[in-house]
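Scroll down for the structure; my scribbles are underneath it.
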4 protein chains.
Amino acid sequence: MAQNEQTALEPRKTPVQARAAVTVGAISEATIQVLLSHGADRLTTTRVAKRAGVSVGTLYQYYPNKQSLLFALLEDHLDKVSAAVEAACERARGKPMAEMVKDVVEAFVDAKMARTDISTSLYRIAGDVGGPALVRQTGLRSQKALGAMLETAPDAVLRQEKFAIQMVFAAMAGASRSVLEAGASPAMVRNLRDHLVLLCQSYMAVATQPRRLR
Amino acid sequence: MAQNEQTALEPRKTPVQARAAVTVGAISEATIQVLLSHGADRLTTTRVAKRAGVSVGTLYQYYPNKQSLLFALLEDHLDKVSAAVEAACERARGKPMAEMVKDVVEAFVDAKMARTDISTSLYRIAGDVGGPALVRQTGLRSQKALGAMLETAPDAVLRQEKFAIQMVFAAMAGASRSVLEAGASPAMVRNLRDHLVLLCQSYMAVATQPRRLR
Amino acid sequence: MAQNEQTALEPRKTPVQARAAVTVGAISEATIQVLLSHGADRLTTTRVAKRAGVSVGTLYQYYPNKQSLLFALLEDHLDKVSAAVEAACERARGKPMAEMVKDVVEAFVDAKMARTDISTSLYRIAGDVGGPALVRQTGLRSQKALGAMLETAPDAVLRQEKFAIQMVFAAMAGASRSVLEAGASPAMVRNLRDHLVLLCQSYMAVATQPRRLR
Amino acid sequence: MAQNEQTALEPRKTPVQARAAVTVGAISEATIQVLLSHGADRLTTTRVAKRAGVSVGTLYQYYPNKQSLLFALLEDHLDKVSAAVEAACERARGKPMAEMVKDVVEAFVDAKMARTDISTSLYRIAGDVGGPALVRQTGLRSQKALGAMLETAPDAVLRQEKFAIQMVFAAMAGASRSVLEAGASPAMVRNLRDHLVLLCQSYMAVATQPRRLR
DNA sequence: CATGAATGAGGTTTCATTCAT
DNA sequence: TATGAATGAAACCTCATTCAT
């Protein structure tokens with residue numbers, strides 16, 4: 001059952017032909033636009049298909065059902081953000097704590113704000129069944145990477161590691177959401193980037209203790 | 001138009017007879033339960049009515065439509081939290097910055113976590129039309145109170161006040177949400193309370209400068 | 001069954017007390033207003049009651065159901081018009097044909113236009129089940145009176161009497177309706193009165209033959 | 001606003017495939033049958049769909065709402081009658097007044113009585129919102145054609161032209177309605193045809209004056 | 001008698017999904 | 001493969017009517 005549900009949310013086929021890739025892209029893009037212009041509960045498969053310039057039938061060639069369409073969108077976005085965080089963590093290994101934090105926070109904000117329309121529209125559906133679970137799961141991926149990176153900090157060690165990391169991550173996500181839902185003008189985004197670095201750095205500073213030399 | 005929309009979300013009548021007050025309470029409670037057990041998109045007015053032990057017709061005596069039912073719930077919750085924050089701000093006037101922050105953060109967490117079931121269920125609907133707007137609007141109410149309180153801090157003054165406050169508030173909201181969606185065990189809630197105080201205090205410390213004596 | 005239906009459309013009680021008469025009057029008046037302002041299918045018993053300043057329960061004290069309320073209104077109006085026609089017929093007995101027609105047509109128009117709001121609003125419900133039947137039935141009453149009067153005309157005798165009378169009556173009704181639905185300004189009503197006399201007189205002239213003296 | 005209302009009553013899509021055209025026809029026919037057998041207020045979209053042998057969903061593919069379904073029927077019928085009158089007016093140009101009137105009246109009656117079931121059933125809905133307006137508007141179209149034709153009469157000229165024409169048209173409509181609601185047997189229809197000609201001719205005779213030669 | 005809260009059958013409409021063309 | 005007409009379950013909401021207070 002759980003297996004079935006999972007399978008039911010996977011895209012039906014991988015687009016091998018060029019035309020198919022274009023179609024899938026158009027459908028994704030159309031979904032976002034409909035989400036933004038009509039809202040989650042007035043998003044219909046027919047409307048998405050029309051916006052994408054294809055027929056409903058075609059949409060169902062690529063997605064087994066409506067849920068999977070939305071799910072794919074959410075998953076794709078979360079994946080991108082998570083990947084950006086992981087990459088930043090990889091690159092920052094061994095740096096001093098403050099720098100680590102700066103790099104990761106900036107990577108997060110940049111990834112999240114790359115397409116504010118997508119980020120904003122996805123909040124409309126993230127409350128659905130399966131949404132929170134996926135968000136949490138992908139969040140854990142990032143938090144794991146954060147943890148691994150922080151282990152390599154030469155100057156400090158985290159107390160209550162797991163929870164502190166959850167706090168940092170939640171603060172980043174919460175602040176970004178707040179800015180996005182307030183309109184996310186470029187100026188606000190710049191401000192967010194800077195203040196979030198400050199916020200995380202200062203919290204990290206009080207949540208760590210100096211690493212004792214061996 | 002905006003006026004109409006607003007009106008359409010207002011409760012339809014205020015219960016005058018004792019019987020009616022009981023009914024309204026039962027409907028609210030049933031809504032939360034259905035939200036938790038079935039999710040937002042499987043919440044139907046019929047199901048809510050049945051759970052509340054009344055007929056659909058009765059539900060529609062008090063709420064002009066489904067939206068207004070959910071809206072009322074959200075509004076009530078946000079109001080309570082906002083009121084708690086405002087009260088804390090009032091009480092903390094004139095205290096040192098760190099104490100202020102502690103009081104307010106704890107008031108926020110306590111109000112938000114008073115009924116974790118309600119808080120959690122409301123995330124399911126906050127993405128709907130009107131939801132984000134209400135959340136933002138009520139958030140601004142709290143932020144205003146925060147600002148007024150911080151003006152009275154004897155030891156420090158905030159730089160970039162508006163934005164810093166928005167950050168603090170967003171961090172509180174984001175962290176609480178994260179904990180709620182992860183299950184919100186009593187232990188986690190305690191942790192959240194403590195760490196959120198730390199996080200906000202440390203951020204405030206770097207976002208302020210000493211108040212210059214006259 | 002037919003008996004039951006009939007009974008079900010009769011007002012429930014005759015108002016003997018003064019207060020009751022006032023209430024019934026208010027309900028009737030409210031019905032007309034709601035009919036005019038909201039249309040037939042948005043006329044609800046609750047709305048009528050509210051407009052009348054009483055509760056639904058009270059409305060149901062005087063009318064067993066919604067149909068009977070509308071029916072009573074229609075019946076009352078048709079009765080008045082019919083009575084006016086009958087009275088005119090009575091008074092015109094023995095007059096020359098042209099005068100007869102003039103008197104009756106004017107009586108009809110005056111009765112029909114006494115309250116244009118009522119007349120207009122009733123077209124909204126006359127299409128309902130039972131409506132056409134009542135209209136036809138009351139029409140026949142008038143036509144009977146017309147026939148009896150015309151028998152006494154000293155100067156002419158009608159050929160194909162029944163049908164000719166039906167034609168005259170239908171023309172009166174049709175023309176009045178047309179004017180009412182076009183707004184029924186006082187000027188139009190005056191015009192209607194005059195032209196309808198002409199129309200009926202001229203038709204009567206060609207539909208009759210001189211009465212042969214014995 | 002008026003534009004919106006108008007649009008809301010327009011059919012939703014034009015059938016392109018052959019199958020679709022059949023479907024639309026079946027729905028129209030079913031509507032008439034339900035109107036006749038159940039009456040206007042027991043006409044439900046489900047019932048119509050079932051009678052037409054399609055699903056409700058299909059009905060809503062072609063009509064955006066119930067009103068538009070009824071409206072389309074009414075419009076179609078009125079259009080046909082109006083077109084018949086206009087054509088007759090065109091053909092009768094230049095003929096003597098009495099012949100003109102005869103031709104037009106007969107054209108009107110023939111068109112109106114071509115399908116007595118449709119004509120009768122439509123009285124059930126003509127009282128609805130939009131109905132009277134459409135009736136009046138289409139009536140004006142016919143009256144315009146009548147006016148243009150009468151200008152070409154070689155033997156007579158109309159006094160108070162506009163109103164006289166309205167009277168004639170209202171008489172035709174009223175008499176036809178009367179006959180239809182009384183059952184409209186073929187014999188009655190024949191009688192109506194003849195008497196309506198007489199009635200209109202005689203009225204025209206008194207409402208005109210001889211055309212003065214130049 | 002009056003009130004108005006409660007009822008619930010039933011109507012309208014939507015929309016995810018299928019399948020013949 | 002693409003299309004879009006057809007489906008019908010299921011949601012929302014109304015409103016005539018009843019009955020305890």
Side-chain angles (χ1 to χ4, degrees), chain A residues 13 17 19-20 23 41-50 53-69, chain B residues 12-13 15-24 41-50 52-67 69, chain C residues 13 17 19-20 23 41-50 53-69, chain D residues 13 15-24 41-50 53-67 69:
Chain A
K13 65 166 92 168
Q17 300 164 7
R19 181 171 48 155
T23 303
D41 38 77
R42 288 181 56 213
L43 178 145
T44 69
T45 50
T46 311
R47 223 188 302 256
V48 168
K50 184 168 288 173
V54 298
S55 71
V56 227
T58 300
L59 188 154
Y60 276 89
Q61 293 266 331
Y62 296 100
Y63 299 93
N65 51 52
K66 188 186 167 183
Q67 274 293 322
S68 75
L69 169 66
Chain B
R12 187 171 263 172
K13 72 159 88 160
V16 286
Q17 296 182 8
R19 180 171 53 150
V22 171
T23 301
V24 169
D41 39 76
R42 288 182 53 215
L43 178 145
T44 69
T45 50
T46 314
R47 232 196 286 268
V48 168
K50 186 166 288 174
V54 300
S55 69
V56 226
T58 299
L59 187 155
Y60 280 93
Q61 294 251 341
Y62 298 100
Y63 301 93
N65 50 52
K66 188 185 166 183
Q67 276 291 323
L69 170 65
Chain C
K13 66 166 89 166
Q17 298 163 9
R19 181 170 48 155
T23 302
D41 38 77
R42 289 181 56 212
L43 177 145
T44 69
T45 49
T46 311
R47 227 193 292 262
V48 168
K50 183 167 288 172
V54 299
S55 71
V56 227
T58 300
L59 188 154
Y60 277 88
Q61 293 266 331
Y62 296 101
Y63 300 93
N65 50 52
K66 188 186 169 184
Q67 274 293 322
S68 74
L69 169 65
Chain D
K13 73 158 89 163
V16 286
Q17 297 181 6
R19 182 170 51 149
V22 171
T23 301
V24 169
D41 38 75
R42 288 183 55 216
L43 178 147
T44 69
T45 49
T46 314
R47 232 196 286 267
V48 168
K50 186 167 287 173
V54 299
S55 70
V56 227
T58 298
L59 188 156
Y60 279 91
Q61 293 252 341
Y62 297 100
Y63 301 93
N65 50 54
K66 189 184 167 183
Q67 275 291 325
L69 170 66

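Just so it is clear, the structure is predicted and the values come from calculations on it, not from any experiment. The chains referred to below are lettered A, B, ... by the order of the sequence lines, with proteins before strands, and numbering in each begins at 1.
Distance check: B:Tyr62 OH to B:Leu69 CG gives 13.5 Å after rounding to the nearest 0.5 Å. Summarising the geometry, atom OG1 belonging to C:Thr45 is positioned 13.0 Å from atom OH belonging to C:Tyr63; distances are rounded to the nearest 0.5 Å.
Looking at C:Thr23, its side chain does come within 3.5 Å of a backbone N or O of C:Arg19 through a donor-acceptor pair. A distance-only check finds no donor-acceptor pair linking the side chain of C:Lys50 to the backbone of C:Val56 [under 3.5 Å].
For E:dT21, the paired base is F:dA2 (Watson-Crick or G-U wobble, both distances below 3.5 Å). Within the shown strands, E:dT7 is the pairing partner of F:dA16 under the Watson-Crick or G-U definition, both distances less than 3.5 Å.
Comparing E:dT7, E:dT12, F:dT3 by their nearest atom to the side chain of D:Lys66 picks out E:dT12. For B:Tyr60, taking side-chain heavy atoms from C-beta onward, the closest of the listed nucleotides E:dT12, F:dC13, F:dT7 is F:dC13. Checked against F:dC13, E:dT12, F:dA6, the side chain of B:Thr45 finds its nearest nucleotide in F:dC13. With E:dA6, F:dT1, F:dT7 as the candidates, the nucleotide lying closest to the side chain of D:Gln61 is F:dT7. Picking from E:dA6, F:dT17, F:dT7 the nucleotide with the shortest atom distance to the side chain of C:Val56 gives F:dT17.
If B:Ser55 and A:Asp41 are placed on DNA chain E by their nearest nucleotide, the residue sitting closer to the 5' end is B:Ser55. Take the nearest nucleotide of DNA chain F for B:Gly57 and for B:Arg42: the residue whose nucleotide is more 5' is B:Arg42. Each of D:Thr58 and C:Arg47 has a nearest nucleotide on DNA chain F; the 5'-most of these lies closest to D:Thr58.
Between C:Arg42 and C:Arg47, the shortest heavy-atom contact is O-NE, 3.0 Å.
Among the atoms of the strands shown, only primed sugar atoms or phosphate atoms (P, OP1, OP2) are found under 4.0 Å from some heavy atom of D:Thr44. Among the atoms of the strands shown, none is found under 4.0 Å from any heavy atom of B:Leu59. At the heavy-atom level, D:Thr46 lies under 4.0 Å from base atoms of the strands shown.
At whole-Å resolution of the value, NZ in B:Lys50 and C1' in F:dA11 are 14 Å apart. Distance, B:Leu43 CG to F:dC13 P: 12 Å, rounded to whole Å. The CG atom of B:Leu69 sits 13 Å away from the C1' atom of F:dC13 (whole-angstrom rounding). Rounded to whole angstrom, the span from the CG atom of A:Asn65 across to the C1' atom of E:dT17 amounts to 10 Å. The distance between atom OH of A:Tyr63 and atom P of E:dT17, rounded to the nearest whole Å, is 14 Å.
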